[in-house]
Amino acid sequence: MVAEAFEAQRDRLRAVAHRLLGSHADAEDAVQEAWLRLSRQDPATIENLAGWLTTVVGRISLDVLRARQVRPDALHDESDRVDDSPAPEDDVALADSVGLALLVVLESLRPSERLAFVLHDLFAVPFDEIGRILGKSTNATKMLASRARRKVQVTGSPAGDGREQREVVQAFLAAARHGDFEGLLRVLDPEVRLTVDTPAGEVVVLGATKVVAGARLSAAAAAQGRAVLVDGRPGVVAWREDGAPLSVMAFTVVGGRIVAIAVVTDPGKLAAMELAR
């Protein structure tokens with residue numbers, strides 16, 4: 001009975017975890033861990049199985065997101081400070097689907113912001129429930145979602161025209177090829193986030209100085225490819241001989257600086273992308 005009830009929730013839980021973690025493998029691991037925890041729980045103590053499982057997956061995912069951080073969350077200001085912006089009361093409708101563009105934006109959010117935004121805006125989980133996962137008040141959780149939503153709105157629409165964004169990316173690649181450390185720092189946001197999917201899982205690097213350390217390798221790979229648009233954003237793709245994409249670097253540019261770089265090699269993700277030559 002418990003196994004059947006869990007299986008009925010599996011697809012939804014997998015969708016929640018994938019939007020939180022941006023990785024199918026990590027999402028599967030989170031869902032499996034949720035099942036293990038459920039198997040050790042007395043079903044009679046669970047009043048709302050769907051809500052209980054969502055909370056468990058949320059907590060597991062939050063732990064994974066925080067573990068990915070190169071520096072601790074304590075360096076971020078996630079305090080319950082006053083927010084002068086309008087309260088986030090279901091005032092923005094966002095698509096259920098998460099393409100590469102939104103995944104890149106989500107990767108730029110802090111773990112608590114990402115959890116609050118994804119659970120509330122994409123899965124309609126009440127703020128008080130999300131607050132319990134985060135250990136924060138309902139109002140503080142609303143402010144986290146509000147900040148996340150503003151970042152998604154800003155990066156959801158390209159900042160500046162396409163030419164400006166392409167010029168920033170080209171400046172990054174040129175600086176990387178020539179080992180121009182100062183040039184790289186000029187085009188990278190101080191808190192830029194680099195994500196690279198590998199057979200062993202995702203690698204996440206935070207901060208301009210750490211990203212710069214691997215920039216020459218990224219540029220060497222990019223030099224083999226061709227400039228494209230990835231879901232409307234500037235990117236570089238390397239093609240196989242049969243015409244299928246081998247790898248993609250996608251950039252998110254805001255205010256004349258690169259705030260996120262996603263390097264994608266997973267065939268499933270590549271197949272789902274809209275790549276305009």
Side-chain angles (χ1 to χ4, degrees), residues 1-69 73 76 78-80 83 86-99 102-103 105-107 109-153 202:
M1 181 70 72
V2 174
E4 291 178 1
F6 178 82
E7 287 302 321
Q9 297 289 328
R10 182 183 287 275
D11 288 345
R12 184 182 63 83
L13 295 173
R14 187 186 295 116
V16 170
H18 180 237
R19 283 152 176 75
L20 285 170
L21 300 173
S23 162
H24 290 293
D26 286 347
E28 289 289 354
D29 288 345
V31 172
Q32 184 61 26
E33 176 61 23
W35 161 247
L36 293 175
R37 295 188 187 186
L38 177 61
S39 66
R40 296 192 293 265
Q41 185 79 16
D42 180 1
T45 64
I46 303 175
E47 295 183 4
N48 180 348
L49 180 61
W52 188 90
L53 287 170
T54 299
T55 297
V56 170
V57 168
R59 286 174 175 159
I60 294 169
S61 299
L62 183 63
D63 288 342
V64 173
L65 289 172
R66 285 173 170 165
R68 288 177 181 173
Q69 302 295 296
D73 273 356
H76 294 310
E78 293 195 348
S79 60
D80 298 2
D83 193 330
E89 299 294 345
D90 298 323
D91 56 334
V92 178
L94 292 168
D96 288 341
S97 61
V98 177
L102 184 52
L103 282 175
V105 175
L106 292 178
E107 290 292 353
L109 301 179
R110 297 165 187 170
S112 296
E113 291 174 340
R114 182 164 179 165
L115 185 86
F117 172 77
V118 169
L119 290 186
H120 181 265
D121 285 55
L122 299 184
F123 293 95
V125 177
F127 282 120
D128 58 342
E129 294 183 18
I130 301 171
R132 285 195 288 273
I133 297 174
L134 294 172
K136 292 183 176 293
S137 68
T138 299
N139 285 337
T141 303
K142 288 181 179 180
M143 285 189 282
L144 285 171
S146 178
R147 290 202 295 269
R149 187 178 296 112
R150 287 199 300 276
K151 292 178 182 179
V152 171
Q153 287 178 308
E202 283 192 343

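As a basis for the values below, the full set of heavy atoms in this structure was taken, side chains included, without hydrogen atoms, waters or symmetry mates.
With Ser39 contributing its side chain and Leu36 its backbone, the two residues share a donor-acceptor pair below 3.5 Å. At distances below 3.5 Å, at least one donor-acceptor pair connects side-chain atoms of Arg114 with backbone N or O atoms of Arg19.
Under the side-chain contact (heavy atoms from CB on, under 4.5 Å) criterion, Pro126 pairs with Asp128, Glu129, sequence neighbours left out.
The line from CG of Leu13 to CD of Glu28 is 11.0 Å long, rounded to the nearest 0.5 Å. Here CZ of Arg147 is found 10.5 Å from CG of Leu109. Values are rounded to the nearest 0.5 Å. Rounding to the nearest 0.5 Å places CD of Gln9 at 6.0 Å from CG of Leu53. Here the straight-line distance linking atom OG of Ser137 with atom CZ of Arg132 works out to 12.5 Å at 0.5 Å rounding. Note: Ile60 CD1 to Asp26 CG = 12.0 Å, rounded to the nearest 0.5 Å. Distance check: Leu115 CG to Leu144 CG gives 9.0 Å after rounding to the nearest 0.5 Å.
Within the 4.5 Å cutoff, side-chain heavy atoms of Leu119 are placed close to those of Ile133. The shortest side-chain heavy-atom distance between Trp35 and Val2 falls under the 4.5 Å cut-off. Between Leu49 and Leu38, some side-chain heavy-atom pair lies under the 4.5 Å cut-off.
Of the charged side-chain nitrogens involved, none lies within less than 4.0 Å of a carboxylate oxygen, so that Asp63 and Arg66 do not count as a salt-bridged pair.
The minimum heavy-atom distance linking Val31 with Phe6 is given by the pair O-CZ, 3.6 Å. The two residues Leu21 and Ala27 have their closest heavy-atom pair at CD1-N, 4.1 Å. Across all their heavy atoms, Ser112 and Leu62 have their closest contact at N-CD1, 4.2 Å. The minimum heavy-atom distance linking Val57 with Ala17 is given by the pair CG1-CB, 3.9 Å.
Under the 30°/60° scheme for interplanar angles, the aromatic rings of His120 and Phe127 are found to lie parallel.
Among pairs with a residue in residues 48-62, those fulfilling side chain to side chain donor-acceptor pair (under 3.5 Å) read Arg12-Thr54, at least two apart in sequence or across chains.
Atom CD of Glu7 sits in a crowded spot, with more than 12 heavy atoms from other residues, nucleotides or ligands closer than 6.0 Å.
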